[in-house]
Amino acid sequence: MTSVDSTIRLIRSTGRGTGATCAPELADGPWQLDALPTPSYGPGASMGDVIPTGTPRQGQLPAEYRTADEAELDRRVRAAKATLGDRVVILGHFYQRDEVIEHADFVGDSFQLANAAKARTDAEAIVFCGVHFMAETADILTSSEQSVILPNLAAGCSMADMADIDSVSECWEQLEALYGTEPDADGRMPVIPVTYMNSSAALKAFCGERGGIVCTSSNASVVLDWAFQRGQRVLFFPDQHLGRNTAKAMGVPLERMPLWNPRKPLGGNDADTLHNAQVILWHGFCSVHKRFTVQQIEQARAEYPGVRVIVHPECPMPVVDAADESGSTDYIKKAVAAATEPSTFAIGTEINMVSRLAAEYPQHTIFCLDPVICPCSTMYRIHPGYLAWVLEELVAGRTPNQITVPETVAASARVALERMLAAKPA
């Protein structure tokens, strides 16, 4: 199997790789970005997004890890894992590169990884191969005796950064001024906050303090139903597309889902529109899933009659509508695994997962809707070099890159996350 990383490096070095990449710089080690004078999401799908000030920076990775080849890093990771044994568990998100996933003790989506982190009470350290908000969630759900480590501190999320605590708090104040704060005759509050897992611990705490909840793409419809039972309407952030696609599938009319632009008074809406709203959508998005288009689906259908098109619900609504199905990363994986006859799948989600599915199920024809190889910028910041470094630091008795959420924030965030974990998808 040829990994996405190997393909990108082949394209960069010879120009003979399969397809094209959106950023040949992806072939460089991510430590090239550590020394930049200003922070950056780096090459990949989020490279055009504006990164906020105060974004975590990763210190320079020691030279021995930057210069080691793939085989050497693999050997060092395996040796460190063997030494550490059950003291350490490695969690890997579906979107991680293959060279990292092969070392993970558990692979899953954000919902599954949250459960896995909570369940591993025996581990002294959890090495989270994902992005910052995921590591924060793991720290909130695990005990104070456990350490959560993010191999590269610069592995953030541009979508999560599109909603910050100050902007959401300002929005909430405007909504309270408009709706009031008293429940209706049925005991439902004027508005319930729902944050997608792809958000900071501060926003999860915001929801926990205001009767709200966290959702993932696996349980978004269950969570919205929970919120509608308790509130007259929902403020959903930061991903507008997941909110819109989920609510639309539940029967909420589009005219009752206004978009909130945090840079405008009342989010750019008038009072009547907001009074009529059932779901208020934040102006955020995933740069990976925004790349998928209806034209790509039409091309796939033209080239492969009978193709089964499955996309992630973070894709724009016209893409979800044009697809045969939409669902979380776990849904996509299960759909492919359940196909009993050789089939053709066109999948609209991050390329590393699609490539891995194609390798795991060779009886099927599986390809990414986007013909350009453009992985998640921040997931790609986790490289085997950083994984080897943090594991060998743990062997030496040091705990690098520990993610710690202050208990003043964690307590309220935990309330919202526990509600999420209880809202299990069917």
Side-chain angles (χ1 to χ4, degrees), residues 4-5 8 23 25-26 28-36 38-61 65-66 73 77 89-101 103-104 106-110 113-114 117 125-140 147-162 196-201 238 286-289 329 350-353 374-391 393 399-405:
V4 170
D5 184 52
I8 291 172
E25 297 81 10
L26 287 160
D28 298 330
W31 44 83
Q32 305 282 353
L33 302 166
D34 297 341
L36 292 178
T38 56
S40 165
Y41 289 119
S46 296
M47 57 190 169
D49 295 339
V50 177
I51 194 164
T53 56
T55 298
R57 302 292 304 272
Q58 173 63 42
Q60 186 64 273
L61 187 67
Y65 302 100
R66 288 182 273 131
L73 291 173
V77 169
V89 61
I90 300 175
L91 305 183
H93 191 274
F94 283 133
Y95 294 164
Q96 287 291 300
R97 61 175 88 203
D98 292 335
E99 293 81 1
V100 168
I101 284 295
H103 300 297
F106 188 91
V107 180
D109 62 16
S110 55
L113 294 177
I126 295 170
V127 177
F128 211 120
C129 296
V131 293
H132 195 270
F133 71 80
M134 297 179 186
E136 281 189 329
T137 298
D139 182 62
I140 292 166
S147 302
V148 176
I149 294 166
L150 184 64
N152 186 330
L153 292 177
C157 173
S158 61
M159 180 210 290
D161 290 337
M162 291 176 189
Y196 191 20
M197 176 71 93
N198 301 38
S199 60
S200 69
C286 169
S287 291
V288 169
H289 292 104
T329 47
E350 210 270 350
I351 183 63
N352 279 283
M353 178 179 175
C374 197
C376 172
S377 298
T378 51
M379 287 283 186
Y380 221 65
R381 298 290 277 265
I382 306 294
H383 182 279
Y386 294 93
L387 180 57
W389 169 61
V390 297
L391 290 175
E393 285 289 288
T399 305
N401 286 18
Q402 183 172 355
I403 302 300
T404 303
V405 179

Query raised in the report: Where do R66 and Q60 land on the side chain to side chain contact (heavy atoms under 4.5 Å, CB included) test, with the steps shown first?
Result: CA-CA 9 Å; R66 288 182 273 131; Q60 186 64 273; 3.6 Å; yes

Gap separating the [atom1] atom of [X] from the [atom2] atom of [Y], nearest 0.5 angstrom:
X: H93; Y: M379; atom1: NE2; atom2: CE; answer: 4.5 Å
X: H132; Y: T137; atom1: NE2; atom2: OG1; answer: 10.5 Å
X: F94; Y: S110; atom1: CZ; atom2: OG; answer: 10.0 Å
X: I403; Y: M134; atom1: CD1; atom2: CE; answer: 13.0 Å
X: I8; Y: I351; atom1: CD1; atom2: CD1; answer: 8.5 Å
X: M353; Y: T329; atom1: CE; atom2: OG1; answer: 5.0 Å

Query raised in the report: Can you check side-chain hydrogen bond (donor to acceptor under 3.5 Å, both in side chains) on E393 and N401, steps first, answer last?
Result: CA-CA 10 Å; E393 285 289 288; N401 286 18; over 6 Å; no

Query - Candidate pair R97 and V4, rule side chain to side chain contact (heavy atoms under 4.5 Å, CB included), full reasoning - result: CA-CA 7 Å; R97 61 175 88 203; V4 170; over 6 Å; no

Query raised in the report: In terms of side-chain heavy atoms, does Q402 have a donor or acceptor partner in D139 at a distance below 3.5 Å?
Result: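 There is no such pair between these side chains.
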
Between [X] and [Y], is there a donor-acceptor pair closer than 3.5 Å when you use the side chain of the first and the backbone of the second?
X: R57; Y: A154; answer: no
X: Q58; Y: D34; answer: no
X: T378; Y: G156; answer: yes

Looking only at heavy atoms, what is the nearest atom pair of [X] and [Y], with distance?
X: Q96; Y: N352; result: O-CB, 3.6 Å
X: A125; Y: I149; result: CB-CD1, 4.4 Å
X: A23; Y: P43; result: CB-CB, 3.6 Å
X: C286; Y: M159; result: CB-CE, 3.5 Å
X: D49; Y: S158; result: OD2-OG, 2.8 Å
X: E136; Y: S199; result: OE1-O, 4.4 Å

Query raised in the report: Sequence neighbours excluded, which residues qualify as ring pair (Phe, Tyr, Trp, His ring centres under 6.0 Å) partners of H383?
Result: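 Applying ring pair (Phe, Tyr, Trp, His ring centres under 6.0 Å) to H383 gives W31.
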
Requested in this report: For C374, check disulfide (SG to SG under 2.5 Å) against everything at least two apart and list the hits.
Outcome: C22

Report task. Mark yes or no: R381 above the aromatic ring of Y386, with NZ or CZ under 6.0 Å from the six-membered ring centre and no more than 45 degrees from the axis. Result ->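 No - R381 does not lie over the ring of Y386 by the 6.0 Å and 45° rule.
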
Side-chain touch [X]/[Y], heavy atoms, less than 4.5 angstrom:
X: P151; Y: V127; answer: yes
X: Y196; Y: P238; answer: yes
X: W389; Y: P400; answer: yes
X: L387; Y: C129; answer: yes

Report task. Would you please test F128 and L113 for side chain to side chain contact (heavy atoms under 4.5 Å, CB included) and show each step? Result -> CA-CA 9 Å; F128 211 120; L113 294 177; 3.7 Å; yes

Report task. Evaluate the criterion side-chain hydrogen bond (donor to acceptor under 3.5 Å, both in side chains) for residue pair Y41 and D161; output intermediate values, then yes/no. Result -> CA-CA 11 Å; Y41 289 119; D161 290 337; 2.6 Å; yes

**Report entry** Partner of I90 under side-chain contact (heavy atoms from CB on, under 4.5 Å), chosen from V390, L391, I126
**Finding:**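 Exactly one pass, corresponding to L391.
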
